[in-house]
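What follows is one structure encoded as C-alpha cells, with my remarks underneath.
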Amino acid sequence: QVQLVESGGGLVQAGGSLRLSCAASGRAFNSYTMGWFRQAPGKGRKFVAAIASSTNTTYYPDSVEGRFTISRDNAKNMVYLQMNSLNPEETGVYYCAARQAPVSETHPNAYPIWGQGTQGTVSS
C-alpha cells in the first residue's frame with residue numbers, strides 16, 4: 001500500500017491562498033482515490049476534497065466549491081490541493097488520505113491510509 005507525506009502548510013491572511021502537496025510512495029498509486037480532510041482543534045476530520053482513481057472526477061463540499069481545487073499527477077505520485085479565498089474558520093491540520101477504490105467518499109472512515117498532516121493557519 002502507499003504511504004503519504006503532506007507539505008505546503010503555513011500561515012496566510014484571510015483571503016489568501018495555500019497550495020498543499022501530498023507525496024505518495026508505494027505501488028499502484030493510480031488505483032487509489034485520494035482525499036483531503038481538515039481537522040480543527042478539538043474537532044473531527046472534515047471532508048475538503050477528493051479525486052477518484054479511475055476517472056479523476058473531483059468532488060467538493062459546497063463550502064469550498066469554486067475556491068479549492070484538487071488535482072493529481074500519477075506520473076509523480078502526487079496529489080495537490082489549491083486553496084483560495086481562505087477564511088479563518090478553515091484553520092486546522094490538513095490531512096491527505098487514500099482508499100484503494102474508484103469512488104470518492106466523504107467520510108474519513110472510508111480512507112484507511114493517512115499522512116501525518118500539515119498545519120494551515122488563516123489569520124483574520
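A donor atom on one side chain and an acceptor atom on the other are found under 3.5 Å apart for Thr121 and Gln119. For Gln100 and Ser31, the side-chain atoms include at least one donor-acceptor pair closer than 3.5 Å.
Scanning both residues, Arg72 and Ser53, for their nearest heavy atoms gives NH1-CA, 3.6 Å. Of all heavy-atom pairs spanning Ala52 and Thr33, the tightest one is CA-OG1, 3.5 Å. Scanning both residues, Ala14 and Ser124, for their nearest heavy atoms gives CB-CA, 4.4 Å. Arg38 and Gly92 make their closest contact through CG-CA, 4.2 Å (heavy atoms, listed as atom of the first residue, atom of the second, distance). Minimum interatomic distance between Thr57 and Ser104 (heavy atoms only, all atoms of both residues): O-OG, 4.3 Å.
Counting heavy-atom neighbours within 6.0 Å of Gln3 CD, excluding the residue itself, gives a total of 12 or less.
Val48 and Trp114 are not part of a single hydrophobic cluster, where members link through side-chain heavy atoms under 4.5 Å apart. Under the 4.5 Å side-chain contact rule for hydrophobic residues, Ile70 and Val93 do not share a cluster.
The closest side-chain heavy-atom distance from Leu18 to Tyr94 is not below 4.5 Å. Within the 4.5 Å cutoff, no side-chain heavy atoms of Glu6 are placed close to those of Leu20. Annotation: side chain of Val122 is not in contact with side chain of Gln13 (no heavy-atom distance under 4.5 Å). Asn84 has its side chain out of reach of Phe68: every pair of non-hydrogen atoms, C-beta onward, lies at least 4.5 Å apart. Residues Tyr32 and Val2 form a side-chain contact, since some pair of their non-hydrogen atoms from C-beta on lies under 4.5 Å apart.
Clustering of Ile, Leu, Val, Met, Phe, Trp and Tyr by side-chain heavy atoms under 4.5 Å joins Met78 with Tyr80.
Ser63 OG to Glu89 CD: the interatomic distance, rounded to the nearest 0.5 Å, is 11.0 Å.
Using cut-offs of 30° and 60° on the angle between ring planes, the pair Phe37 and Phe47 is perpendicular.
Separation of the Tyr111 and Tyr95 ring centroids does not fall under the 6.0 Å cut-off.
Partner Arg67 forms a side-chain contact (heavy atoms from CB on, under 4.5 Å) with one of Gln82, Glu90, Met83 and no other, that one being Glu90.
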